[in-house]
Protein chains: 2
Amino acid sequence: MRDVRRQILEKNREAMHLHGYQGLRADLVVNELGITKGAYYHYFSGKQELAYCILDELIAPEHLQYWGALNQYFGHPIEGIIERLKALRIELKGDYFRLGSELNNLIQEMAPLDEGFRLRLQRILDGIRMAIRGAVERGQKSRLIKAEAEAGEIANFVMCNLLGAFSLAKAFQDRKYFDRSIEHMTEYLRGFKGQ
Amino acid sequence: MRDVRRQILEKNREAMHLHGYQGLRADLVVNELGITKGAYYHYFSGKQELAYCILDELIAPEHLQYWGALNQYFGHPIEGIIERLKALRIELKGDYFRLGSELNNLIQEMAPLDEGFRLRLQRILDGIRMAIRGAVERGQKSRLIKAEAEAGEIANFVMCNLLGAFSLAKAFQDRKYFDRSIEHMTEYLRGFKGQ
DNA sequence: CTTTAAGCATACCTGCTGGTACGAATTATA
DNA sequence: TATAATTCGTACCAGCAGGTATGCTTAAAG
């Protein structure tokens, strides 16, 4: 039954989303699954490796695939980015906004403390940035986006706002702060459309 | 010696900045000061109260005073906000960007877990927002800022970007991500100046 | 059919975390 | 000056987090 391992991964992912890595009690979580430490330590050498696996096998692929979809978007690239932002608002449930972005949470908690975390998180962020930057550059080549806009800057700006929007919504435990920030960013992004 | 209490507060503030609340080992920190648990538990009922005091007596006043200074700024309100952002880049040391904003860190870690933290953090954020919103509204009254700009939205946007900028810089352990984001926001804000 | 290895359960252990109990100086107060 | 209240140090402790050691099944390999 290979799926015991997957259960452990997914349940601990949820718990880590709520409590953070340091607050995560992995053995307690496996107990709730009706599984014991035997299975846990059979599949993972310890808590750190478990967390790395959650990042590598669950979180990273999801994020990269989500933003990688920009490459298959054939409308106006700016609208493509906006579509991805809007899709976030639809796909993510209310709890997710109260708990905050998994990515952002782990950055705040672990970036200065653990190099393994940091490198993994950076790789995900870089992937997202590349996807956005690529979209903007394609838009510039086809004259759909003003040439004077710097693609890297825009990508940076989008990510900055996205992380900030999650932070605000989490601080106030209310997704409307997320929605409002995304709305604002949407208006701003449309300003980059070429005349 | 009332200043033992203050030493405990300040040293634990530093430690909490690095390790977070859950990762903070208050008694260990106290030891490094050459003080023992006796003093620690004399002044604070426990770890939670210690953290609340750090927020109430150190972090909150600093932030509110910092942004409250907008009320005493007599140039163009947009430039006032930009000045505050620029001052951050000057006053905060490199370590601060690697460790992240104390505010943002605590939001990420504690907002969904502890109501006491959440209320305190919200109050600080509200204070900052009010200061920014007030500045924008004054600018609109004196026709220095376009009337169609919604002051609350701008304040929200500034905070969103600020938090996001700290997150990015922390993720990459490099303050240039902060600087770049602030620079971008600066350009954007200037666009609100009335003609 | 034997042997090996994978998958998992049980019991135990160690270090540390957060906290208490108590008492001794020191300082304030009557 | 007697007394009370602060201010701190010392010693102890309960719980638990994270991890080991070990052994029992079941499945795969030869």
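Chain A is the first sequence line, chain B the second, and so forth, proteins listed ahead of strands; every chain is numbered from 1. Every heavy atom of this structure was used, including side-chain atoms; hydrogens, water molecules and symmetry mates were not.
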| request: Examine Leu55(A) and Leu64(A) and state if one hydrophobic cluster contains both, with Ile, Leu, Val, Met, Phe, Trp and Tyr joined whenever side-chain heavy atoms are less than 4.5 Å apart. | output: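 No, Leu55(A) does not connect to Leu64(A) through the hydrophobic network.
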
| request: Is it possible for you to say whether Leu119(B) and Leu113(B) belong to one hydrophobic cluster, with membership spreading through side-chain heavy-atom contacts below 4.5 Å? | output: no

| Reckon Tyr43(B) has a side-chain N or O less than 4.0 Å from the OP1 or OP2 of dT6(D)? |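 Negative; the distance criterion is not met.
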
Let me know the distance between [atom1] of [X] and [atom2] of [N], rounded to the nearest Å.
{"X": "Arg6(A)", "N": "dG7(C)", "atom1": "CZ", "atom2": "C1'", "value": "18 Å"}
{"X": "His42(A)", "N": "dT25(D)", "atom1": "NE2", "atom2": "P", "value": "18 Å"}
{"X": "Ile35(B)", "N": "dA25(C)", "atom1": "CD1", "atom2": "C1'", "value": "16 Å"}
{"X": "Asn31(B)", "N": "dG18(C)", "atom1": "CG", "atom2": "P", "value": "13 Å"}
{"X": "Asp3(A)", "N": "dC8(C)", "atom1": "CG", "atom2": "C1'", "value": "14 Å"}

| query | Between Arg118(A) and Glu115(A), is there a salt bridge with N-O shorter than 4.0 Å? | reply |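 The answer is yes: the pair qualifies as a salt bridge.
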
| query | How does protein reach along nucleotides 14-19 of chain D, written 5' to 3' as B (base within reach of a heavy atom under 4.0 Å), S (only sugar-phosphate), or - (no contact)? | reply | ---SBB

| So do Glu109(A) and Phe117(A) actually touch side chain to side chain, heavy atoms under 4.5 Å? | no

| task | Determine the minimum heavy-atom distance between Arg175(A) and Arg89(A), stating which atoms define it. | result | NH2-O, 2.9 Å

With a 3.5 Å cut-off and sequence neighbours excluded, list the donor-acceptor pairs that the side chains of residues 123-137 of chain B form with protein atoms.
residue, atom, partner, partner atom, Å
Asp126(B), OD1, Arg129(B), NH2, 2.4

